[in-house]
Amino acid sequence: MLRTHTCGELGSTHVGASVTLCGWVDEYRDHAGIVFVDLRDRYGLTQIKFALSDGSETQTLARGLRHEDVIRVTGEVVSRPADMHNSKLATGAIEVRGSTLELLNKSKTPPFQPNGRDLPNEELRLTYRYLDLRRAELQRNLEMRHKLAKLTRDYFDAQGFLEIETPMLGKSTPEGARDYLVPSRVHPGHFYALPQSPQIYKQILMVAGYDRYYQIARCFRDEDLRADRQPEFTQIDVEMAFVEREDILSTIDGLISSFVSGIRGQCLKLPLQRISYAEAVEKYGSDKPDLRFGMELIDVAEIAKSCGFGVFKTAIESGGRVRGFVAPQAAERYSRKDIDGLTDFVKDYGAKGLAFFRVKEGKLDSPIAKFFGDADQQALIAKLGAKDGDLLFFVADQPKVTTAALGALRTRLGKELKLYDPNDFSCFWVLDFPLVTWNAEENRWDAEHHPFCSVYDEDVPHLKDDPSKVRALSYDLVCNGYEAASGSIRIHDPKIQQRVFDLIGISEEEAENRFSFLLDALRYGAPPHGGIALGLDRWVMLFAGGDNIRDVIAFPKTQKASDLLSGAPGPVDMKQLRDLHIKTDLPAV
RNA sequence: GGGGCCGUAGCUCAAUUGGUUAGAGCGCCGGACUGUCGAUCCGGAGGUUGCGGGUUCAAGUCCCGUCGGCCUCGCCA
């Protein structure tokens with residue numbers, strides 16, 4: 001080893017010891033006769049002191065040190081004078097009196113300093129990711145990621161699970177997300193697909209008798225990115241055989257509990273709360289609501305249908321809904337202009353408008369208040385439980401639109417009004433998703449979760465008469481408004497599987513083409529089984545208190561899915577393309 | 001595919017209704033300094049205002065296009 005200690009571990013107990021440290025020059029303060037260097041590694045900072053009496057060669061070298069130079073220093077640990085302790089530093093009671101200094105590597109002047117107070121723009125951070133990763137925040141995040149992975153492995157190992165790898169080069173199954181394709185050299189015109197998830201393989205492992213499987217698996221989806229979505233991401237993938245829904249939920253309850261105790265040292269109350277999909281959507285306008293605050297949606301159809309406001313009345317008459325909620329004590333906080341902004345916001349979700357009222361002296365104050373008689377006003381106030389100073393919002397539209405618009409508005413206002421402590425941790429199950437939802441554009445039923453999802457026994461008859469009523473044996477784990485895990489009990493009966501395929505418009509022939517290996521496997525003694533997958537990146541983000549997934553991934557991609565560090569994706573040689581039997585057909589420039 | 005925000009010195013930002021030589025802090029370079037820890041003090045260098053076009057007597061500022069980054073709707077079985 002080139003060093004005897006790290007830059008984070010020396011303290012008063014080491015005084016008098018001769019030590020050798022290695023690291024990066026975080027900061028230097030040159031006083032000519034004395035030079036201070038804050039030496040940094042991922043464990044911390046240690047102040048090195050170079051004084052004249054230590055010798056002129058070292059002194060000259062020390063005075064030439066600049067930000068991010070990599071050095072090796074040997075010297076004695078000495079106590080700092082009592083009034084010179086630095087309480088901001090874990091090692092602030094001591095310093096190392098540098099006697100020999102070795103410049104291991106001179107750094108170019110960095111485009112930004114990892115200790116800087118102004119965070120440079122993300123483009124630059126991604127281009128020089130190795131500098132960005134030197135920042136304490138990102139180092140903490142990656143350490144958190146490691147801890148979660150370790151807790152995961154410890155937990156499942158203790159429960160008798162096996163970690164089993166599944167292929168990265170698989171078969172394209174065009175359902176679901178767009179695949180990343182990998183051309184085959186030896187099979188001209190054929191392609192592998194990178195896995196969107198190990199779904200089919202893990203089910204086959206169940207058939208094969210590996211009744212407790214997990215894997216920390218990389219997944220790939222060629223879809224547009226978001227703050228919480230990357231084209232390649234990591235799932236904690238789990239599958240169990242001979243289990244019912246309850247077994248999966250309690251297994252994952254235990255995992256989350258181990259996360260919370262391992263990361264935060266807190267005890268999580270189990271079992272985690274559960275609510276139905278129907279309740280989530282009705283009360284909060286989302287299947288992944290943030291339950292760190294209330295602000296529940298309230299249906300005011302009874303008042304709307306008979307009021308004098310045409311927009312409300314017409315909505316009800318044409319099969320729509322009128323719902324709203326109370327933004328507590330927000331009447332003064334939101335100006336007319338602010339509310340115009342909120343109106344634009346809900347339009348993104350299909351709403352045609354946003355009705356609002358301020359509650360003043362027991363009455364409603366709004367440009368549209370005149371359409372509401374005294375009785376209607378009092379009825380609205382009573383129905384919503386509103387108080388003076390509150391701001392009421394309503395959306396009148398088709399049911400789906402009221403849900404999407406109000407759900408999004410609720411989330412936004414909860415944050416803006418600081419209705420919760422950002423350090424709160426809310427985690428609960430959403431159960432009983434519909435098996436399918438109607439896709440009006442394509443005129444067919446789409447699987448809500450995926451085509452292998454099982455259903456309540458008593459709902460099976462509805463597969464024929466009313467598919468919208470069929471409840472899936474699926475479950476999402478929702479944490480602070482993020483979908484943090486999602487899974488289901490799978491179909492293990494090929495006949496039921498075929499009925500579901502029929503329903504979502506996958507013909508027998510098509511199913512054979514796409515999934516024959518799974519369907520075949522199910523015919524050779526498939527145990528009842530089910531599973532779940534947790535988004536590791538999102539969990540790290542949640543525990544790190546961040547709001548974007550890039551900060552918990554060492555080398556993330558930009559919104560256009562490029563890697564600014566490496567330049568990927570990039571062009572390849574013609575020879576490579578020829579080997580792969582590929583011709584490109586690019587749009588004319 | 002759609003909507004929005006952004007791009008000025010190495011970095012973070014400023015620059016009046018379009019108006020003279022595009023500024024500041026940090027960083028960088030040189031100098032001073034033996035107790036600093038966001039060191040301090042003195043001096044200096046550093047700009048194709050992302051790129052291309054247009055309007056104008058005059059463009060960092062207005063318009064069109066384009067590239068890049070971020071947020072978002074659609075999309076994400």
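All values reported here derive from a predicted model rather than from experimental measurement.
Distance A/E122 CD to B/U12 C1': 16 Å, rounded to the nearest Å. Per the geometry, CD belonging to A/E123 stands 15 Å off P belonging to B/G10, to the nearest Å. A straight line from CG of A/D30 to C1' of B/C29 spans 14 Å, rounded to a whole angstrom. In this structure, A/L89 places its CG atom 15 Å from P of B/U36, rounding to the nearest Å. Taking atom CG of A/N86 as the reference point, atom C1' of B/C37 lies 6 Å away to the nearest angstrom. To the nearest angstrom, P of B/A77 lies 12 Å from CG of A/D287. Protein atom CG of A/L225 is 16 Å distant from nucleotide atom P of B/C75, rounded to whole Å. The CG-C1' distance, from A/L124 to B/G68, rounds to 13 Å in whole Å.
Heavy atoms of A/L119 sit under 4.0 angstrom from primed sugar atoms or phosphate atoms, though from no base atom. Looking at heavy-atom distances under 4.0 Å, A/K560 makes contact with sugar-phosphate atoms alone, never a base. Residue contacts for A/F452: at a heavy-atom cut-off of 4.0 Å it reaches no nucleic acid atom on any strand shown. Residue A/F501 is out of contact with every strand shown, counting any heavy-atom pair closer than 4.0 Å. No contact: A/T173 has no heavy atom under 4.0 Å from any strand. A/R412 comes within contact range of no nucleotide atom at all, as no heavy-atom separation falls under 4.0 Å. Using a 4.0 Å heavy-atom distance criterion, A/P111 is classed as a sugar-phosphate-only contact. In this structure, A/E95 reaches the bases: a heavy-atom distance under 4.0 Å links it to at least one base atom across the strands shown. Across all strands shown, A/R178 has no heavy atoms under 4.0 Å from either base or sugar-phosphate atoms. Across all strands shown, A/F36 has heavy atoms under 4.0 Å from base atoms, whether or not it also approaches the sugar-phosphate. Among the protein residues, A/H67 comes within range of the sugar-phosphate backbone only, with heavy atoms under 4.0 Å from sugar or phosphate atoms but none that close to a base.
Results of the side-chain hydrogen bond (donor to acceptor under 3.5 Å, both in side chains) test with A/E68 over A/R134, A/K106, A/Q113 single out A/R134 as the only residue that passes.
Separating the C1' atom of B/A45 from that of B/C28 is a span of 9 Å, rounded to the nearest Å. With P as the reference atom, B/C5 and B/G65 are 14 Å apart, rounded to whole Å. One C1' atom belongs to B/A15, the other to B/U20, and the distance between them is 14 Å to the nearest Å. Straight-line distance between the P atoms of B/G1 and B/C13: roughly 30 Å, to the nearest whole Å. Rounded to the nearest Å, the gap between the P atom of B/G2 and that of B/U8 is 25 Å. Of the C1' atoms belonging to B/G52 and B/G68, the separation is 15 Å, rounded to the nearest Å. Using C1' as the reference atom, B/U40 and B/G25 are 16 Å apart when rounded to the nearest Å. Separating the P atom of B/A59 from that of B/U21 is a span of 11 Å, rounded to the nearest Å.
A salt bridge is defined here as a Lys NZ or Arg NE, NH1 or NH2 lying under 4.0 Å from an Asp or Glu carboxylate O, and A/R97 with A/E76 meets this definition. Looking at A/E27 and A/R40, no side-chain N of the basic residue comes within less than 4.0 Å of a carboxylate O on the acidic one, giving no salt bridge.
Of the candidates B/G69, B/G35, B/C70, B/C70 carries the atom nearest the A/Q559 side chain, counting heavy atoms from C-beta on. For A/R226, taking side-chain heavy atoms from C-beta onward, the closest of the listed nucleotides B/A77, B/C73, B/G35 is B/C73. Listed nucleotides: B/C33, B/G74, B/C28. Nearest to the side chain of A/R229: B/G74. When each of B/C75, B/G69, B/U36 is scored by its nearest atom to the side-chain atoms of A/R80, the top-ranked nucleotide is B/U36. Here the nucleotide nearest the side chain of A/Q199, chosen from B/A77, B/C33, B/G68, is B/A77. Counting only heavy atoms from C-beta on, A/K49 has its side chain closest to B/G35 among B/G69, B/A77, B/G35. Among the nucleotides B/U34, B/C76, B/C37, the one closest to the side chain of A/H31 is B/U34. Taking the side chain of A/Q47 as heavy atoms from C-beta on, and the options B/C37, B/A77, B/C11, the nearest nucleotide is B/C37. The side chain of A/A32 has B/C33 as its nearest neighbour among B/C33, B/G10, B/C70. Out of B/G35, B/G27, B/U72, the shortest distance to the side chain of A/A227 is found at B/U72.
Heavy-atom distances to RNA chain B give each of A/T109 and A/H85 a nearest nucleotide, and the one nearer the 5′ end belongs to A/T109. Map A/S562 and A/E448 each onto its nearest nucleotide of RNA chain B; the residue landing nearer the 5' end is A/S562.
Taking 3.5 Å as the limit, the base of B/G74 and the side chain of A/D224 contain a donor-acceptor pair of atoms between them.
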Step by step, work out the ring pair (Phe, Tyr, Trp, His ring centres under 6.0 Å) result for A/Y475 and A/F433.
CA-CA 7 Å; A/Y475 28 84; A/F433 280 74; 9.2 Å; no
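Contact between the side-chain N/O atoms of A/N121 and the OP1/OP2 oxygens of B/U12 is found at a separation under 4.0 Å. Dashed line: the shortest gap from a side-chain N or O of A/R29 to OP1 or OP2 of B/U36 is not under 4.0 Å. OP1 or OP2 of B/C28 has at least one side-chain nitrogen or oxygen of A/Y28 nearer than 4.0 Å. Side-chain nitrogen and oxygen atoms of A/R97 include none within less than 4.0 Å of the OP1 or OP2 phosphate oxygen of B/G35.
For A/Y28 and A/D38, the side-chain atoms include no donor-acceptor pair closer than 3.5 Å. No side-chain donor-acceptor contact under 3.5 Å links A/T100 and A/R72. Using modelled atom types and a 3.5 Å distance limit, the side chains of A/D340 and A/T343 yield no donor-acceptor pair. Checking A/D551 against A/N141 by side-chain atom types alone, no donor-acceptor pair falls below 3.5 Å.
Here B/A24 sits opposite B/U12 as a Watson-Crick or G-U wobble pair (both hydrogen-bonding atom distances under 3.5 Å). The base-pairing partner of B/C62, taking Watson-Crick or G-U wobble contacts with both distances under 3.5 Å, is B/G54. The pairing partner recorded for B/G74 is none, the criterion being a Watson-Crick or G-U wobble arrangement whose two distances lie under 3.5 angstrom. Under the Watson-Crick or G-U wobble criterion, with both distances below 3.5 Å, B/C5 is paired with B/G69.
By the 30° and 60° cut-offs, the orientation of the rings of A/Y128 relative to A/Y130 is perpendicular.
Between A/A561 and A/P569, the shortest heavy-atom contact is O-CD, 3.9 Å.
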